[in-house]
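Read the structure below first, then the notes.
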Amino acid sequence: MRLSRYFLPTLKENPSEAQITSHRLMLRAGMIRQSSAGIYSWLPLGLKVLRNIEKIVREEQDRAGAQEILMPTIQPAEIWQESGRYDAYGKEMLRITDRHEREMLYGPTNEEMVTDIFRHNIKSYKQLPALLYHIQWKFRDEIRPRFGVMRGREFLMKDAYSFDIDKERARDTYNRMYVAYLRTFARLGLVAIPVRADTGAIGGDLSHEFQILAETGESTLYYDKALETQEMLEKLADLENNEGIVEKLQSLYAAEEEKHDPDNCPVAPENLKTAKGVEVGHIFNFGQKYSASMGARVLDQDGQQVEVEMGSYGIGVSRLVAALIEANHDEDGIIWPQSVAPYQVGLINLQAKNAECTKACDDIYKKLQEAGIEVLYDDRTERPGAKFANMDLIGLPWQLIVGPKGLEKGIVEVKERATGERQELSVDAIVDKLKA
Ligand code: P5A
């Protein structure tokens with residue numbers, strides 16, 4: 001993509017409405033624009049990151065055996081009346097009346113709707129386990145939407161729902177999702193700490209929140225440092241055969257500040273760590289809460305009707321964009337991990353008016369594209385200083401700096417955004433390096 005044609009409305013100044021780093025940087029880097037309180041438009045650069053995160057989330061859900069569906073954003077009130085949550089949900093639910101005076105709502109979550117699909121279509125234990133997910137916009141009329149997409153009113157969630165014949169199998173499914181979550185966050189380059197949690201409006205008695213570590217996080221965590229080591233993930237790759245690692249991980253201590261009692265903490269002081277966290281995922285095992293109230297039953301092996309055991313599993317996909325920035329930035333801007341970067345390479349033409357320089361850049365641009373590497377090519381006639389600041393702000397992992405002086409010696413400068421390390425390489429060597 002040529003920057004001269006790219007819709008990237010970056011800002012030089014910090015927007016006054018933004019209180020936290022990720023919100024400031026998402027506005028400054030031209031990723032989002034607010035439409036009304038807690039509701040945002042995603043511009044090309046922001047949307048690209050959102051889609052990259054979605055792709056990793058999707059791959060890990062598929063890998064865990066979940067099947068993708070797509071449920072609507074607008075739901076009928078009846079199913080929520082059946083579950084008893086229509087009144088319980090209160091003012092956070094955005095209620096809508098259609099032209100026939102039917103009560104509808106913009107879905108804050110989909111337990112009811114997926115249970116409704118299940119009860120009409122699955123009748124036998126032979127069709128279980130069933131594990132369905134979608135990636136869809138949600139609406140929660142938060143009293144204080146803030147921090148940009150971190151706590152929005154409209155936000156993108158991946159939500160999965162599981163149906164099992166008994167408690168034991170439901171627990172296996174829960175653990176399978178737990179592993180899928182650890183893998184997902186690791187692939188996003190994040191350290192995620194699973195913390196036992198309350199179940200709130202969703203219900204049930206078993207639940208974990210996944211908190212990623214970031215200095216600006218809203219919650220304070222205390223946890224066994226063994227939870228930080230991701231080396232267990234290798235073994236977790238084998239879902240069926242992971243030598244009890246899930247149980248081991250789930251037995252390790254982690255608590256939010258409100259629940260942490262220093263006098264009764266089971267972890268030795270030298271192994272206890274504290275850090276700020278951002279909740280990016282939340283999983284629930286709530287048994288028969290919805291299958292009982294909504295009549296989701298199957299015939300078991302003995303021909304008896306039984307209410308299925310359910311769970312639900314959420315990831316805040318749009319929140320993750322902000323969380324990733326909270327965990328990866330410096331004073332100059334964003335530092336994207338390669339796995340989600342909107343472009344891998346920023347190519348800077350230092351003298352766009354110089355024919356030779358432009359020819360060299362065009363050539364590199366073409367070669368990188370042919371090698372399947374995504375490049376954002378700054379072909380504008382701006383000052384070098386402005387170009388450098390802009391590239392640092394938007395945070396692409398690699399910068400290629402091409403100027404007449406280097407070209408005289410046949411070299412181009414490569415800068416790694418994360419470390420600031422610079423290297424001088426020939427054009428051919430660069431293409432090889434970036435390919436690798
Ligand atoms: C689990 C999936 C649920 O809604 N039902 C379906 C369950 N859980 S949850 O914890 O309430 O939400 C799941 C994740 O969604 C993100 N999230 C938000 N992101 C941005 N703005 C919000 N207002 C918001 N509310 C929730 C969080 O990442 C949360 O973990």
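Atoms within a ligand are numbered from 1 in the order they appear, just like the ligands themselves.
- Residue pairs meeting the salt bridge (charged side-chain N to carboxylate O under 4.0 Å, His left out) criterion with at least one partner in residues 144-153, sequence neighbours excluded, are Asp141-Arg153, Glu142-Arg151, Arg146-Glu218, Arg151-Glu218.
- Classification of the Tyr181-Phe210 ring pair by plane angle, with boundaries at 30° and 60°, yields tilted.
- The 4.0 Å heavy-atom shell around ligand 1 contains residues Thr109, Glu111, Arg140, Glu142, Val149, Met150, Arg151, Gly152, Phe155, Met157, Asp159, Tyr161, Ile202, Glu279, Val280, Gly281, His282, Phe284, Ser312, Tyr313, Gly314, Gly316, Arg319, ordered by chain and number.
- Residues that satisfy the side-chain hydrogen bond (donor to acceptor under 3.5 Å, both in side chains) test with Asp392, not counting sequence neighbours, are Gln399, Lys415.
- Counting only N and O atoms by type, the side chains of Gln250 and Asn175 include a donor and acceptor under 3.5 Å apart.
- Under the rule for a side-chain hydrogen bond (donor to acceptor under 3.5 Å, both in side chains), the partners of His260 that lie at least two apart in sequence or sit in another chain are Tyr253.
- Arg5 places none of its side-chain heavy atoms less than 4.5 Å from the side chain of Tyr377.
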